[in-house]
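A short write-up of the structure that comes next.
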Amino acid sequence: MSYLKQLMERASWMPVPTALAKSRKRVGSISEGIARRDLVQFGALLHAQGLVAGTDGNLSVRLDLNRILITPTGRSKSRMASSDMVVVDLSGRKLHGFHNASSEVAMHLAIYHTRPDVRAVVHAHPPTATAFACCGLSLEDPLCAEVVMSLGSIPLAPYAMTGTPELGESLRAHIQHRDAALLANHGAVTCGETLLQAYLRMETVEHFAKIALAARQIGSQQLLDDFQIGKLMEARRKYLQGCENRG
Ligand code: 13P
């Protein structure tokens with residue numbers, strides 16, 4: 001196992017607020033109106049940034065201990081209204097909404113069950129990152145200092161059929177200590193304390209995938225060494241606490 005992977009799997013390397021939230025194992029509630037507005041806004045951004053096409057992708061927010069607000073199935077993320085969102089409970093049962101919930105609701109719930117600190121999940125098909133996932137490649141190489149500081153590393157979860165509970169199961173071990181993962185032959189998923197944070201992490205995944213691809217094409221990648229990685233992981237705690245995307 002690489003040094004970066006070992007560090008990522010140690011809870012003590014988590015940013016302090018995340019580790020704290022995990023240890024308390026509870027979440028507060030957020031306004032449903034704000035969550036509906038955010039899902040519309042960040043869904044449109046996902047589409048505008050080319051991270052999804054057609055009716056791809058889904059987003060959700062944890063409203064409180066028992067309820068998740070999630071995007072409807074089969075809708076363009078560029079054309080959603082706040083009234084389109086669907087409220088489900090933690091078993092995926094629909095509580096309220098005019099549409100059916102995203103077909104990936106089980107994957108979102110698997111993340112919320114695995115990570116009590118997570119309040120928002122974004123799933124997309126960012127083209128370059130998805131190409132890595134389609135080639136059986138993770139984005140775990142320590143190439144960029146910023147990515148080691150912000151996401152640590154981005155693992156690849158094994159293939160599982162889209163829209164099935166198996167997809168959530170394939171992801172659990174990978175998302176336990178990380179906030180982003182690739183899904184083999186499918187796409188990527190990110191999570192965070194806010195939808196803004198989860199969305200920005202998806203941007204980072206695709207941006208890093210483009211850099212990793214260009215570095216492979218140039219052909220003389222210089223990976224960060226264990227000493228440099230250790231220093232970056234120390235800086236990670238401080239960096240994440242000061243990040244705008246936490247708000
Ligand atoms: P939904 O439209 O059901 O959310 O599915 C889109 C998708 O990207 C499946 O992976």
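In listed order, ligands and their atoms are each counted from 1. We're numbering straight along the sequence, starting at 1.
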### Task
Specify whether H123 and H125 have parallel, tilted or perpendicular ring planes, treating 30° as the upper limit for parallel and 60° as the lower limit for perpendicular.
perpendicular

Just checking, any donor-acceptor pair under 3.5 angstrom between side chains of [X] and [Y]?
{"X": "S82", "Y": "R37", "value": "no"}
{"X": "E206", "Y": "T128", "value": "yes"}
{"X": "Y199", "Y": "T190", "value": "no"}

Would you mind running through ligand 1 and noting each atom that sits below 4.0 Å from a heavy atom of [X]?
{"X": "H125", "value": "8 (O), 10 (O)"}
{"X": "N58", "value": "1 (P), 4 (O), 5 (O), 6 (C), 7 (C), 8 (O)"}
{"X": "T55", "value": "2 (O), 6 (C)"}
{"X": "T73", "value": "1 (P), 2 (O), 3 (O)"}
{"X": "H123", "value": "8 (O), 10 (O)"}
{"X": "S102", "value": "1 (P), 3 (O), 4 (O)"}

Identity and distance of the protein heavy atom lying nearest [atom]:
{"atom": "atom 10 (O) of ligand 1", "answer": "E104 OE2, 2.7 Å"}
{"atom": "atom 2 (O) of ligand 1", "answer": "G74 N, 2.7 Å"}
{"atom": "atom 8 (O) of ligand 1", "answer": "G57 N, 2.8 Å"}

### Query
Once you round to the nearest 0.5 Å, how far does CD1 of I154 lie from CG of L156?
11.5 Å

### Message
Nearest 0.5 Å, please: how far is OG in S91 from CG in L109?
### Response
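Rounded to the nearest 0.5 Å, the CG-OG separation comes to 8.0 Å.
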
### Side-chain touch N66/D89, heavy atoms, less than 4.5 angstrom
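Not in contact.
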
### Message
Any heavy-atom pair between the side chains of V148 and R236 that's under 4.5 Å?
### Response
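Sidechains of V148 and R236: no contact.
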
#### Entry: Within-cut-off N or O pair, D56 and ligand 1, under 3.5 Å
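The answer is no, given that D56 and ligand 1 share no N or O pair closer than 3.5 Å.
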
### Message
Pairs of nitrogen or oxygen atoms closer than 3.5 Å, one from H186 and one from ligand 1: do any exist?
### Response
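So ligand 1 has an N or O lying under 3.5 Å from an N or O of H186.
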
### Query
Using a heavy-atom cut-off of under 4.0 Å, does the side chain or the backbone of T162 touch ligand 1, or both, or neither?
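Only the side chain of T162 comes within reach of ligand 1.
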
